[in-house]
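All values below come from the heavy atoms of this structure, side chains included, with hydrogens, waters and symmetry mates left out.
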Amino acid sequence: MKKIRFMVAICAALMIAAPAMSLEVDVSGHYFVEHFNHSNETFNKDEATDDYSTMEFMAKPVFKINDNITLTTQFTALQDHVWGTDASGPPSDEAVDNPLAPKQDNVENFDWKAAYMTIKTSIGGFIVGRYIDTPWGTGLGDSTASHGSNSRHKDRVMWVVPTGDFISGLVAQKNGEGDKGNIISDADFHKYYGFSAYKQENWSTGLLIARYEHRNYVNQRDLRNFQTGYNSYLAASSAATVAQGTYAGTYAQALQLAGALNPALVPLVQAAPFNAAQSAALDGALGGAGIPAIDLYGLNSSAITAQGAAAAAGSAISAGPARSELGLWVFNPYFMGTFGPLTAEAEILYGIGEVDLDETRTYQGQTFDSIDASGLAATLDLKYDIAGFTLNAGGTYVQGDSNPDDDETTAIGYFEESIDLEHGFLLTSDYQNLRTTLGGTDEDGIPLGNVSGGPTTITGPAGYTSFWLGAKYQVLDNLKLGLLFVNSTADDVPVTNAGVKWDDDHGSEYDFTVEWDIMNNLKFWGVVAYLDAGDYWKAGGFNTEIEDNTTFYGRLTLEF
């Protein structure tokens, strides 16, 4: 509890000092509990129901130092704590980007999300520090993990200048530090943004231009190599454990048996694991007593071989995946407006650049040491209000590329992970904890995940095309019910190791939602989501039988 006590002590000290400093403190935040019930998240007919509850407490203290300076902080406690288990900590930064990385073990489960200064000057406003990303346009490309309370916090300096109806600015952001304490320098991950938005009373539009400079970048082929190598290591380690256990158990039983049959056989048992002739002699003596051969020499040799294979597999991945350099330009315009009963939202995300490899590769007779990178994502969402109903229709296209071996990549989801629009609780959302588990794995043990799963999954880089139709009805002033239909197909499907092309049909999803404002500051949101799983989840035949999934989800949120 040291961190919590430390935080409380700081807040208390600042509040006590507030009268002398004229310090104003505004604290907002939330506490929620949520329950998940997934009937069949891997679509395997033998899958057991996954049924559990989690929780999160988030607070955002904002300290107004004077009229021109504020200090904004944010922290969470018990984030993702599963009821009935020890409180484990939130994922490390590495684990956010790589689900294969181990989760931090932090029984205190307390994490600072943000601490930044907002400074007003005559030439504009400045934000300096660890910042929670703010949405740009629609949800396309935005980082909104942890139920709208972004877990992908980054360190940045931002300059914002309001001019009339325009709000413009520049951002320098560090997403990854690769220089500090390393012999190899210049291995950071920087993002630079320039943006301008034009806002009117009922509509707004804007353009954001970004430059990504990632000098410690893992390209898709190197990531896949590492993932398969890691899975091979796990399999080899498991096989070594089984082989060693089989040998040790058999040896112990042989000693006990020899002592009971004939104590003179004990030295023979002790020598048998290391000498083939002695092992054969032991089996002959046991055979004379009607006992099957046990081949201690063979069992010990197999255990040694398995341990060597596990060590070799571990050594192969010990350095981690190979690293390249990514340079990418991103262009991101949007439009949002409400015109009477009609609301329209549209956004385009386009990236173009290059990946400089750390090696020379050959593919289909072509040799190259760089990969051309480009990708397009676009979304359109329309809503129409009539007689208590809100009718909704729209579509999203996210370009994919499932070939990691050629000299170009068009998987926009590989460069910008947060393609998360929440149109479909199971297929696109990150609320349901299925980003990397939906659908199980492919034949190499790599997770399929849903379309917001990011580069470590199969589905994320494959891209998708989806459309949705929905309606919500205001039953009472504080109660709204909704129905949503979503259909999705992969944009560029993978192929199996034998060259068989996957089916592109993700399937159709049907969601029933409940939004209930129980009282001031207390809200309930519930979803019953059914996914009629398409043949995409057969993974080209690896999963020959698939069954649909039904999810029941509810979240009770207290806001303050």
Side-chain angles (χ1 to χ4, degrees), residues 42 44-50 52 82 84-86 88 95 98-105 107 224-321 437 440-447 496-498 539 541-545:
T42 65
N44 186 314
K45 62 183 181 65
D46 298 321
E47 174 79 8
T49 298
D50 197 7
Y52 62 97
V82 177
T85 67
D86 291 336
S88 61
N98 177 16
L100 297 178
K103 197 172 183 181
Q104 289 179 346
D105 182 15
V107 295
R224 292 291 177 256
N225 289 344
F226 178 76
Q227 287 178 301
T228 54
Y230 184 80
N231 290 334
S232 296
Y233 165 70
L234 292 179
S237 296
S238 178
T241 300
V242 171
Q244 180 61 30
T246 301
Y247 160 68
T250 304
Y251 178 76
Q253 290 176 348
L255 280 177
Q256 185 179 21
L257 184 61
L261 289 175
N262 183 358
L265 292 177
V266 171
L268 195 59
V269 173
Q270 294 171 334
F274 314 105
N275 187 290
Q278 299 278 44
S279 181
L282 174 63
D283 286 343
L286 293 175
I291 299 173
I294 56 177
D295 189 17
L296 281 179
Y297 181 79
L299 291 177
N300 187 36
S301 297
S302 295
I304 293 173
T305 300
Q307 289 171 348
S315 177
I317 63 170
S318 60
T437 60
T441 67
D442 73 349
E443 59 189 320
D444 295 318
I446 300 175
T496 67
N497 293 334
F542 171 71
N543 299 316
T544 56
E545 294 184 53

**Request:** Kindly compute the distance separating CG (Leu261) from CD1 (Ile291), expressed to the nearest 0.5 Å.
**Result:** 4.5 Å
**Asked** side chain to side chain contact (heavy atoms under 4.5 Å, CB included) with Ser238: which residues, sequence neighbours excluded?
**Response** none
**Request:** Looking only at non-hydrogen atoms, find the nearest pair between Ala310 and Ala240 and report the distance.
**Result:** CB-CB, 4.2 Å
**Asked** Can you name the residues that form a side chain to side chain contact (heavy atoms under 4.5 Å, CB included) with Ala309, not counting sequence neighbours?
**Response** none
**Message:** For the CG atom of Leu282 and the CD atom of Gln270, what is their distance to the nearest 0.5 Å?
**Reply:** 11.0 Å
**Message:** So, using ring pair (Phe, Tyr, Trp, His ring centres under 6.0 Å) as the criterion, who are the partners of Tyr52 when residues are at least two apart?
**Reply:** Phe36
**Taking every non-hydrogen atom, the tightest pair across Ala258 and Val269** = CB-CG2, 3.8 Å
**Partner set under side-chain hydrogen bond (donor to acceptor under 3.5 Å, both in side chains) for Glu47, not counting sequence neighbours** = Thr42
**Prompt:** How would you list, by chain and number, every residue that makes a side-chain hydrogen bond (donor to acceptor under 3.5 Å, both in side chains) with Asp444, sequence neighbours excluded?
**Reply:** Asn497
**Request:** Any pair with a residue in residues 283-306 that passes side chain to side chain donor-acceptor pair (under 3.5 Å), sequence neighbours left out, goes on the list, sorted by first then second residue, please.
**Result:** none
**Item:** Residues which pass side chain to side chain contact (heavy atoms under 4.5 Å, CB included) with Ser232, listed by chain and number, not counting sequence neighbours
**Value:** none
**Message:** According to side chain to side chain donor-acceptor pair (under 3.5 Å), does anything in residues 240-259 pair up with another residue at least two apart or in another chain? List the pairs.
**Reply:** Gln244-Gln307
**Prompt:** What's the spacing between Leu257 CG and Ile294 CD1 if we round to 0.5 Å?
**Reply:** 7.5 Å
**Request:** Starting at CG of Leu234, measure out to CD1 of Ile317 and round the result to the nearest 0.5 Å.
**Result:** 7.5 Å
**Complete:** Looking only at heavy atoms, the pair that brings Pro263 and Pro267 closest together is O-CD, 3.8 Å
**Asked** Just how far is it from atom OG1 of Thr441 to atom CD of Gln227, taken to the nearest 0.5 Å?
**Response** 11.0 Å
**Asked** Quick one: side chain to side chain contact (heavy atoms under 4.5 Å, CB included) partners of Asn262, sequence neighbours excluded?
**Response** Ala264, Leu265
**Request:** Check the pair Ile446, Thr228 against side-chain contact (heavy atoms from CB on, under 4.5 Å), reporting the backbone distance first and the verdict last.
**Result:** CA-CA 7 Å; Ile446 300 175; Thr228 54; 4.0 Å; yes
